[in-house]
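I have placed the structure first, in the form of structure tokens, so that the comments after it can refer back to it.
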Amino acid sequence: MIDKTVASVEEAVAGIRDGSTVMIGGFGRAGQPVELIDALIAQGATDLTVVNNNAGNGDVGLAALLAKKRVRRILCSFPRQHDSWVFDELYRAGEIELELVPQGNLAERIRAAGAGVGAFFSPTGVGTQLAEGKEERVIDGRTYVLEYPIKADVALISARQGDRWGNLVYRETARNFGPIMAAAATTTIVQVDEIVPLGSLEPETIVTPGIFVDRVVAVGERAWTRGGDFVGGVDIEGRPLADATASREGDQ
Amino acid sequence: MIDKTVASVEEAVAGIRDGSTVMIGGFGRAGQPVELIDALIAQGATDLTVVNNNAGNGDVGLAALLAKKRVRRILCSFPRQHDSWVFDELYRAGEIELELVPQGNLAERIRAAGAGVGAFFSPTGVGTQLAEGKEERVIDGRTYVLEYPIKADVALISARQGDRWGNLVYRETARNFGPIMAAAATTTIVQVDEIVPLGSLEPETIVTPGIFVDRVVAVGERAWTRGGDFVGGVDIEGRPLADATASREGDQ
Amino acid sequence: MTTDQPTATRVSRDELAARIAADIPEGSYVNLGIGAPTLVADFLPDDLEIILHTENGMLGMGPKPAPGLVDPDLINAGKQPVTALSGAAYFHHADSFGMMRGGHLDVCVLGAFQVSQDGDLANWSTGAPGAIPAVGGAMDLAIGAKNVYVMTDLLTKTGESKLVEQCTYPLTGVGCVTRVYTDHAIFDVTPDGFAVREAFGDNTVESLAELTGLRLREAAASASSTGQGTED
Amino acid sequence: MTTDQPTATRVSRDELAARIAADIPEGSYVNLGIGAPTLVADFLPDDLEIILHTENGMLGMGPKPAPGLVDPDLINAGKQPVTALSGAAYFHHADSFGMMRGGHLDVCVLGAFQVSQDGDLANWSTGAPGAIPAVGGAMDLAIGAKNVYVMTDLLTKTGESKLVEQCTYPLTGVGCVTRVYTDHAIFDVTPDGFAVREAFGDNTVESLAELTGLRLREAAASASSTGQGTED
């Protein structure tokens, strides 16, 4: 029997080696594998290269991983946010390398890695600083730059449900980088709200087939759903609204 | 109100011009837009370039379009089948041009067209006749050949259900080339078993978003489903089994 | 440019958003960039179906949710909570940017630091030393629609024209902008530089030329409007 | 080669299919090519989960349907009717071939006209003048799995070896074959050419060398077996 489920986030992140390239899913709070990132911090792997759309917010999750100096290099499209002080400080101190990649090139380069494409010509970034030194080519009258795949040793992603074969479905815009990162990494580790019996997921609607997935761990339902249905009652970061806050918002 | 639905297959294929490149979905019988192909034959456009996995079977559908000498050139991966006599004869007589493309390169080149990729390096076909004259490059120790997008003026595809925005869902392996051809053509024309009200298709499970679709026409349920459920009673080409045939098969 | 120009008529940001909204035909697929362009959504007529794309993986984006119904899984590219309309569809990031890069969007509305008369756009970096660079989807959006509209004040806070002969800020995209909506006037980008499509209030081609320091001309009367998604 | 060799022991096609099936570990993702390789499916043990991929867009392919339950929408790459197992998933052609090209399949089993000692495969065209060329997914399959197994008779009907120093037929893929299962023996492709992993019946390295006209050696005792899908 194939069983990719594991019992705990500790087991899920076991064996991630120092020096690994680690993709981390999510765009904002949506699809961020919060529990897996915390487990990676506890696990201790260091000298990492991280691929993520951002470079961490506040003091938790990816920002906490950065604060512990576990990350040597980061590839992302948007490291500068109002609360990205951890990255900002490391960057200014020269303690972290940054490869800034336009978001669409980031996505397509990750997709290329999973799909076995050796390199591709992209129209994005042509004539800008971010294409400096890259090979250019005019094809059919339009200028493109050559972009290479981004592969990873490990992907940490979040999905709504998974089964023991590793088949996954996502929720709304939390899908974002999950499916392409799952395919681009040697070992793909997924946290799901819920593990469902094999056969529960409709074959037409599976977004990530299990072939791309190595380990699945259930971390429980998000605060804003109950029994799979959206119930709200949280802020954009997923924090339950205090009663006071809720009534203030209600007044606006 | 956006309404991409049209009332008839005649209306659906109206305006296809002589000299067009036409993509036709399907792999075997699965996903073949039978009714749209028939309508295209009746519509009369000629001097076409056709992109399809095969080059027609028997005397119907694509084979009938070929027999009427409407197709100047065909791009496909597998033109030779036990019943592809129409193509065979035209090809041997030098009356049709063939660009033979490995199936995975065909799919990826179509995908590249829809996704705005200028060209890509593929490992498929390297060192073979089908890569002769193509640019080669060694990337990360592996050899690739440069492949270019395949665009089309028109795509004719088949889906299970569609709504008035053009959102589509497919059925089983009939999905095949549909989603990528929809994105690669200037005008995408879709036949569906059934047009459903906007909002009936679950947003998580829509495979082709309406942005890629221009016209949707309902052609009625396939012979092997009833009320959307599979009922069988047909052969692999979708022809209803005669009682005699059915009982013979039952004996085997 | 100096700041002691006589104050010309300007339209408010809301008025400008309404003006852009009015130029978007029904059936268009539209991406509204982060910041001021987001305002355009508030002025799209309720009785017209215009489909909003958000590059983090959705078509058919609806307005912000009611209080208490914020869904952290349902956000726009600016990471603000949104809703889904009937007919919405979700997809992953590569499909979403492929949709853009493949030229399937009709209109994209973006902010700008500068737009050159060749349609070059600078909106991602001021090039200030020591600043943390961040590009997000800006470069993809810049090249990713049939019509790339810029929404911006004509002048910076210090009175310099954002329409320029050549961008001095780092570029986001080359020759990509098709039209610029400013608080003073609407400009088309043409092979001969900027053409004034509509001057608001007491602005004239001449006064705008003076404000921008550019050679300007009037736009041809019936320039083609925004393309439709289908080619029927 | 001549046809008057003493007849060496051969295993039947079914026996060979069973032998290949026995070499595929549980949990493997496997694509079985059109023709003889399809037979392997019949010998995969029912109590082991091995997931079959068909390049026309499905993982978790099951056996052929019961009579009267043929579903024209549910077919394999050979256009034969199949079924879907619990846990199956459908996807489009670009995703399906990306899955292959990206190296996610563990095993692919293919037929062959010829295999060279460098692992080159020829199985798509005899190069006969006037023949209609057709390649299908052959070239993608050839480079699309961690282990590419060939299933074939060792000799052609006229007694020529299909294992060769260099292919004379048009190539399907270069250096892609990892192992060849024949009716006479199993051969590994190594940097030093073919190594006999297992000789059936009265075949020996020497008799096989004579049949093929190639320098052969015995395979190292404990060559690594098929890789698993995960790296745990």
Side-chain angles (χ1 to χ4, degrees), chain A residues 27-31 53 76-81 84 87-88 91-92 98 100-108 110-111 122-130 143 160 170-180 207 222-225 230 232-238 241 246 249-252, chain C residues 34 54-58 61 65-84 88 90-103 120-122 124-125 127 130-144 170-176:
Chain A
F27 182 92
R29 177 66 186 74
N53 190 61
C76 71
S77 86
F78 209 82
R80 184 187 65 225
Q81 299 193 269
S84 58
F87 172 81
D88 295 5
Y91 182 75
R92 293 218 163 86
L98 168 67
L100 190 70
V101 185
Q103 198 171 143
N105 283 351
L106 184 67
E108 189 68 11
I110 294 169
R111 191 257 173 200
S122 170
T124 298
V126 169
T128 75
Q129 281 180 3
L130 299 190
T143 309
R160 180 180 195 161
Y170 300 83
R171 187 164 182 273
E172 301 168 343
T173 58
R175 187 183 303 193
N176 58 66
F177 286 93
I180 52 174
V207 174
R222 306 294 85 186
W224 52 94
T225 67
F230 176 68
V234 298
D235 69 10
I236 192 69
E237 292 296 324
L241 298 172
E249 285 214 358
D251 293 340
Q252 285 174 349
Chain C
I34 296 172
T54 183
E55 60 265 36
N56 53 316
M58 180 187 196
M61 184 170 63
L69 292 180
V70 165
D71 184 342
D73 290 334
L74 186 47
I75 61 175
N76 66 14
K79 291 166 188 159
Q80 298 163 317
V82 294
T83 51
Y90 301 109
F91 29 83
H92 64 55
H93 244 81
D95 280 350
S96 186
F97 279 84
M99 201 173 279
M100 236 191 246
R101 199 189 307 112
D120 296 352
L121 173 67
W124 75 282
S125 164
I132 307 280
V135 66
M139 290 186 180
D140 307 281
L141 285 159
I143 57 99
L171 291 188
T172 308
V174 175
C176 55

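Quick note on labels: first sequence line is chain A, next is B, and so on, each numbered from 1.
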Side chains of T124(A) and R101(C), heavy atoms from C-beta outward: is any pair under 4.5 Å?
yes

So do the side chains of Y90(C) and V207(A) get within less than 4.5 Å of each other, counting heavy atoms only?
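Y90(C) vs V207(A): side chains apart.
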
Heavy-atom proximity to chain C below 4.5 Å, by part of [X]:
X: F230(A); result: side chain
X: R111(A); result: side chain
X: L98(A); result: side chain
X: R92(A); result: side chain
X: V126(A); result: backbone
X: Y170(A); result: neither

Tell me, out of [options], who's got the most heavy-atom pairs with chain C below 4.5 Å.
options: R160(A), E237(A), Q129(A), R222(A); value: Q129(A)
options: G233(A), G232(A), P123(A), A174(A); value: P123(A)
options: I180(A), L100(A), N53(A); value: L100(A)

Identify which of G98(C), A88(C), S96(C), A77(C) forms the greatest number of heavy-atom pairs closer than 4.5 Å to chain A.
A77(C)

Counting heavy-atom pairs under 4.5 Å with chain A, which one of L69(C), D71(C), I143(C) comes out on top?
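Heavy-atom pair counts peak at D71(C).
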
Which atoms of N76(C) come close to chain A, meaning under 4.5 Å heavy atom to heavy atom: side chain ones, backbone ones, both, or neither?
backbone

For T172(C), which atoms come within 4.5 Å of any heavy atom of chain A: side chain, backbone, both, or neither?
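Contact with chain A: backbone only.
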
Of all residues at least two apart in sequence or in a different chain, which pass the salt bridge (charged side-chain N to carboxylate O under 4.0 Å, His left out) check with D120(C)?
none

Give, for atom [atom1] of [X] and atom [atom2] of [Y], the distance between the pair rounded to the nearest 0.5 Å.
X: W224(A); Y: L74(C); atom1: CH2; atom2: CG; result: 12.0 Å
X: N176(A); Y: I75(C); atom1: CG; atom2: CD1; result: 7.5 Å
X: Q103(A); Y: F97(C); atom1: CD; atom2: CZ; result: 3.5 Å
X: D73(C); Y: T225(A); atom1: CG; atom2: OG1; result: 8.0 Å
X: H93(C); Y: F27(A); atom1: NE2; atom2: CZ; result: 5.5 Å
X: I110(A); Y: H92(C); atom1: CD1; atom2: NE2; result: 11.0 Å

If you look at every heavy atom in P72(C) and R29(A), which pair is closest and at what distance?
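P72(C) and R29(A) have their closest heavy atoms at CB-CG, 4.1 Å.
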
Can you name the nearest heavy-atom pair linking M139(C) to P102(A), along with the distance?
SD-CG, 3.8 Å

Show me the donor-acceptor pairs within less than 3.5 Å that the side chains of residues 130-138 of chain C make with the rest of the protein, sequence neighbours left out.
none

